[in-house]
Undergrad: 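Sharing a structure, written as structure tokens. Questions coming.
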Amino acid sequence: MCGIFGYVGGKDSVSILIEGLKKLEYRGYDSAGIATISNKKIHLEKSVGKIADLESIVSSKSRISHIGLGHTRWATHGQPSKENAHPHLDCTGSIALVHNGIIENYEELKRALCAKGHVFRSQTDTEVIVHLIEENIRHGLENAVKLALKKLKGSYAIGVLYKNNPDKIIVARKGSPLVIGIGEKENFISSDIPAMVKYSSRIITLEDGDIATVTKSKVKIFSATKTSIKREETLISWDPISAEKSGYAHFMLKEIHEQPKAIIDTIKDIVDPSKKNIKFKHLNLKEKDISNIKRVVLTACGTSWHSALIGEYYLEYYAKIPSEVEYAAEFRYRMPIVDKNTLVIAISQSGETADTLGAIQEAKKHGAKVISICNVFSSSIVRESDGVIYTMAGPEIGVASTKAFTTQVAVLFLLSIFLGRKKNRLSKAKFLSRLSSLFEIPHKVEQVLASEDKIEKIADKYCNANNALYLGRGEGFPAALEGALKLKEISYVHAEGYPAAEMKHGPIALIDENMPVVVLALAGRRYEKILGNIEEVNARGGRVIALATEGDRLITKKAKDVIFLPKTRETLSAILAVIPLQLLAYYIAIKRGCHVDQPRNLAKSVTVE
Ligand code: AGP
């Protein structure tokens, strides 16, 4: 997916566009471009590579413009190149367009347009849109956009400039996010909120099917069938500083260290000051809905799928509700057995993951109640759900998700003990003791973060390994999966998470002195079994890095390196265990010279299928 940013107002649009694109670079960063209008002419600058490369091109141009569109790309159709970078122009160079999404019927549209004499400059799906607008521009810009959109199949968030309407930007969305920022005699459009917090806290979130005309003083929203649509303005509390790095080398490291605050903010948003009652502000589940829940399906992608696995353990353990976890893309294309007695929980940091959005739509078709656990206010997944529980992690910019995971697990813990109480399957005493254990977690996370230097030294020892295994049992297994994903996605080392007991059913063949094996060996019901797995690895010359509980005297005799974690309730241990795994992946990636915040081939939110 990609990042779109637009400006119209009284200031120099070029510098504002570049600044906005830098905030969106985590959404895609293989090429970028801007289109501006001055003297009734469209000026286009594009480059392969980072925004900084584009910035060096535009800074040499001395031109004043007060309106423009910018785009940073994550290639879907057409390799990263200057020709394929957005914005794209029509044949006459009078119309410029940026797009985030996928046009599924672009090949047939392109054939028809070429037959009419249109000349294409790129291999992208996007370019068909600007030529379709060109086809109809004689009907005026708004109508030309409406007519073009009618022909499209797939997803889009677009911004359009027309040199004969030099004071307005047209935007439209279907299946990809688009927000409008309201300023003082200036307005902004963006793929998401962090790019705009510096300029405006007044946000309008467009819905699927919306089209809008944006000038410096007015926003008019309409659709293919309605001449006027009212969308509420939202006041965003994020401050610009919180969206910056605050002195850390990378967003990922900043966000790892923000976890104590992110977790406590999330808990306090749900648990009242007495620390005795849970109140979900936007759950929208009535007592009857809760008593009707016979089964839960948790659905998500990536890191959010790992927190869903922990949620499954919690729901069955505390609320005794049969639960299962589904990859969103698998769920939405199967014939899932889901009905009005099924609660579907969709988990997403960004709230824009296309497959998770599709899974929700599929679940609702079958009559299920859907709630989402999400970190972005009023995002597409939130708006598609019957209810939502927000993680209060603040903007997560690093592509590798960190604080979203730990706050999602905290929310799932609270939801499970809440449902356990509501369904009389968890005693008041156990409910209160679980709550107090959760309130201790942020401080314990601080304690784990204090061992960062030791973890960096361990990263030094293993940063040249090209493979790794991560093993855990119970809630430690999803944490092992999450640790492996972190290492994979930011250091490009092949790492696999496995249930520790599964080792002897195949993966143990991989063990030798070149294979670091991270083992989550925390105090609990499964500790002795995990020690057995460590022995199996040692017997084959493997190199074990163990996560253990403070006070464990045995482990130092079994593992080459040990990272001790504070004692906590076994069910909450995954939140603590994932912190050293995040740091281990971070430091290995740094030592391997990888771009931690913008790993190759990845993007922060996958808004395409
Ligand atoms: C996590 O580090 C990855 N960046 C990725 O797996 C991510 O978790 C996944 O794309 C889901 O994103 P979401 O939580 O925003 O839906």
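All values below come from the heavy atoms of this structure, side chains included, with hydrogens, waters and symmetry mates left out. Each ligand, and each atom within it, is numbered from 1 in the order the structure gives.
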Undergrad: Starting from atom 10 (O) of ligand 1, locate the nearest protein heavy atom and write down its residue, its atom name and how far away it is, to 0.1 Å.
TA: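 For atom 10 (O) of ligand 1, the nearest protein heavy atom is V606 CG2, 4.2 Å.
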
Undergrad: Could you pull out, from Q582, Q408, E482, E489, the option with a heavy atom nearest to atom 2 (O) of ligand 1?
TA: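 Answer by nearest heavy atom: E489.
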
Undergrad: Quick one: do the S323 and E312 side chains pair a donor with an acceptor below 3.5 Å?
TA: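 Checked: S323/E312 side chains show no N/O donor-acceptor pair below 3.5 Å.
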
Undergrad: Which heavy atom of the protein is the closest neighbour of atom 14 (O) of ligand 1, given with residue, atom name and distance?
TA: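 Atom 14 (O) of ligand 1 sits closest to the protein heavy atom S304 OG, 2.6 Å.
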
Undergrad: For the pair T353 (side chain) and D355 (backbone), establish whether a donor and an acceptor sit closer than 3.5 Å, ignoring hydrogens and angles.
TA: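 Between the backbone of D355 and the side chain of T353 there is no qualifying donor-acceptor contact (under 3.5 Å).
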
Undergrad: With a 4.0 Å cut-off, would you call K261 and E258 a salt bridge?
TA: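 No salt bridge links K261 with E258.
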
Undergrad: At what distance is the nearest protein heavy atom to atom 6 (O) of ligand 1, and which residue and atom is it?
TA: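 The answer is G302 CA, 3.2 Å.
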
Undergrad: Would you say the rings of Y390 and H282 are close, in the sense that their centroids are separated by under 6.0 Å?
TA: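 H282 vs Y390: aromatic centres under 6.0 Å.
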
Undergrad: Nearest protein heavy-atom contact for atom 8 (O) of ligand 1: which residue, which atom, what distance?
TA: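 Heavy-atom neighbour on the protein nearest atom 8 (O) of ligand 1: T303 N, 3.0 Å.
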
Undergrad: Is it the case that the side chains of S380 and R173 hold a donor-acceptor pair, with the cut-off being a distance below 3.5 Å and no angle test?
TA: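 Yes, S380 and R173 have a side-chain donor paired with an acceptor closer than 3.5 Å.
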
Undergrad: Considering non-hydrogen atoms of the protein only, which is the closest contact for atom 11 (C) of ligand 1, and what is the distance?
TA: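 That would be C301 O, 3.4 Å.
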
Undergrad: Heavy-atom distances under 4.0 Å decide this one: backbone, side chain, both or neither, for K486 against ligand 1?
TA: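 It is the side chain that touches ligand 1; the backbone stays farther off.
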
Undergrad: Just need the protein heavy atom nearest to atom 4 (N) of ligand 1, so name the residue and atom and give the distance.
TA: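 The protein heavy atom lying closest is V399 O, 2.8 Å.
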
Undergrad: Within the 3.5 Å criterion, strictly below it, is a donor on N84 or T124 matched to an acceptor on the partner's side chain?
TA: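 No, no side-chain donor-acceptor pair sits under 3.5 Å.
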
Undergrad: Suppose I only count heavy atoms of A400 and a 4.0 Å limit; which atoms of ligand 1 are within that range?
TA: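 Selected atoms, number and element: 2 (O).
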
Undergrad: Would you call the rings of H86 and H71 parallel, tilted or perpendicular if under 30° counts as parallel and over 60° as perpendicular?
TA: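 Judged by the thresholds at 30° and 60°, the geometry between H86 and H71 is parallel.
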
Undergrad: Closer than 4.0 Å to some heavy atom of S401 - which atoms of ligand 1 meet that?
TA: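 The atoms of ligand 1 under 4.0 Å from a heavy atom of S401 are 1 (C), 2 (O).
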
Undergrad: Could you tell me which atoms of ligand 1, counted from 1 in the order shown, lie closer than 4.0 angstrom to a heavy atom of S348?
TA: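 Taking each heavy atom of S348 in turn, ligand 1 has 13 (P), 14 (O), 15 (O), 16 (O) under 4.0 Å.
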
Undergrad: Testing S348, S401, S304 for side-chain hydrogen bond (donor to acceptor under 3.5 Å, both in side chains) with Q408, which one passes?
TA: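 Exactly one candidate clears the test, S304.
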
Undergrad: For atom 12 (O) of ligand 1, grab the closest protein heavy atom and report residue, atom and distance to one decimal in Å.
TA: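 The protein heavy atom lying closest is T353 OG1, 3.5 Å.
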
